[in-house]
Amino acid sequence: MNSRRKFLQNTALGGMLAGSSDFWIRQAAQFDRPEKNAFPVVIATWGPNLKANEAAWEVLSNGGRALDAVEAGVKVPEANPRDSSVGYGGFPDREGHVTLDACIMDEFGNAGSVSFLENIKHPISVARRVMEKTPHVMLSGEGALQFALSEGFPKEELLTDKARQAWEEWKIESNYKPKINVERHDTIGMVAIDAQQRIAGACTTSGLAFKMRGRVGDSPVIGAGMFVDNEVGGAAATGLGELVLRTLGSFLVVEEMRRGAHPQKAVEKAIRRIVQKYPKEVEENQVGFIALDKKGRHGAFGIHKGFNYVLYQRNENRVYEAGNVLG
Ligand code: ASP
């Protein structure tokens, strides 16, 4: 049986076995073989991010650094006006302003982040400058904008006609309620390991559509939206940021892997922690994690069905359905 058919069968079976850790470990293990060509490798949240993986792979396959790869990768949805959850074209807050959050980490444990940043198309690159050019980790709002402008980033209008229209429609009822996997894509979180086994991660988002002005989610918070430790691996999150912030999800995933857990076990642990602690809130909200460990093994898991991810490894770039705990 060819591997694609086998995979599809496994995925269907996976639906029936939602929550069964062993099944998802076996699925992740199909790509494990760390001894053979595991590197480079890049993983990102959500199926539509195949192109982001391609941009990262371009860097990785030319012997480049993981940090450059994740930056190049997540810039793809940041620049895409059709992606309503990231960068340019992102849905605005309830007052009509597009506000962006992003963070990045390198193999040395350096980190940079921006939150509540407006009018800059590539917040991930500003986050990288914060990491490399300031003594700080995080800049916010007006200060982040001033820094970006001083670094030569152009000031741009990020609200597209489509996003403005969606906002106008939303205003009629002004009913704020996040919806599970509404467009089957969302924040991009990405983790890469290059040929020299350097690990880096990036995460970037326009946050929840029509959020309160000033609301910042998990995505720019190191340890919540993304975390990397070069000795262990990396993880990133998507979904309702409040649930990830309260559990410091990406840090938890990496710490589980540090204790020896397979990345699949580690992401499941973080999802189950959220479900156990916030049983009411998880009923209607999604969270998903992706992870890579130092051996090049991966894991992915969500609260609900519908979370998927893209993995580029051994010259193959594909979308996979993640397991879930609630079906
Ligand atoms: N995690 C993002 C946030 O809460 C949004 C998302 O991934 O849907 O801002």
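Start at 1 and go down the list; that is how both ligands and their atoms are numbered. What you see below is based on every heavy atom in this structure, not just the backbone, and it leaves out hydrogens, waters and symmetry mates.
Applying side chain to side chain contact (heavy atoms under 4.5 Å, CB included) to Asn53 and the options Gln313, Glu58, Met190 leaves one that passes, Met190.
At under 3.5 Å, a nitrogen or oxygen of Thr238, whether backbone or side chain, sits near a nitrogen or oxygen of ligand 1. Ligand 1 has no N or O atom lying under 3.5 Å from any N or O atom of Asp101, backbone or side chain.
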Show the numbers, then the answer: is there a ring pair (Phe, Tyr, Trp, His ring centres under 6.0 Å) between Trp46 and Phe307? CA-CA 7 Å; Trp46 302 110; Phe307 174 48; 5.1 Å; yes

Worked verdict on Glu268 versus Lys265 for salt bridge (charged side-chain N to carboxylate O under 4.0 Å, His left out): CA-CA 5 Å; Glu268 290 187 24; Lys265 281 269 188 207; 5.8 Å; no

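Taking a cut-off of under 4.0 Å to the non-hydrogen atoms of Ser219, the atoms of ligand 1 that pass are 1 (N), 2 (C). Listed by atom number, the atoms of ligand 1 under 4.0 Å from Asp218 heavy atoms are 1 (N), 2 (C), 3 (C), 4 (O). Atoms of ligand 1 found under 4.0 Å from any heavy atom of Gly207, numbered from 1 in the order shown, are 9 (O).
Hydrophobic clustering (ILVMFWY, side-chain heavy atoms < 4.5 Å, transitive): Ile271 and Phe251 are in one cluster.
Taking the centre of each ring, His122 and Tyr88 stay at or above the 6.0 Å mark.
The shortest contact between atom 7 (O) of ligand 1 and any protein heavy atom is with Thr187 OG1, 2.5 Å. Remark: minimum distance from atom 9 (O) of ligand 1 to any protein heavy atom is reached at Arg215 NH1, 2.7 Å. Taking atom 8 (O) of ligand 1 as the reference point, the nearest protein heavy-atom neighbour is Asp186 OD1, 2.5 Å.
Considering each of Ala224, Gly189, Gly239, Ser115, the one bringing a non-hydrogen atom nearest atom 1 (N) of ligand 1 is Gly239.
Separating the CZ atom in Phe91 from the CG atom in Leu158 is a distance of 14.0 Å, to the nearest 0.5 Å.
Neither the backbone nor the side chain of Gln286 has a heavy atom within less than 4.0 Å of ligand 1.
More than 12 heavy-atom neighbours from other residues, nucleotides or ligands sit within 6.0 angstrom of CD on Glu156.
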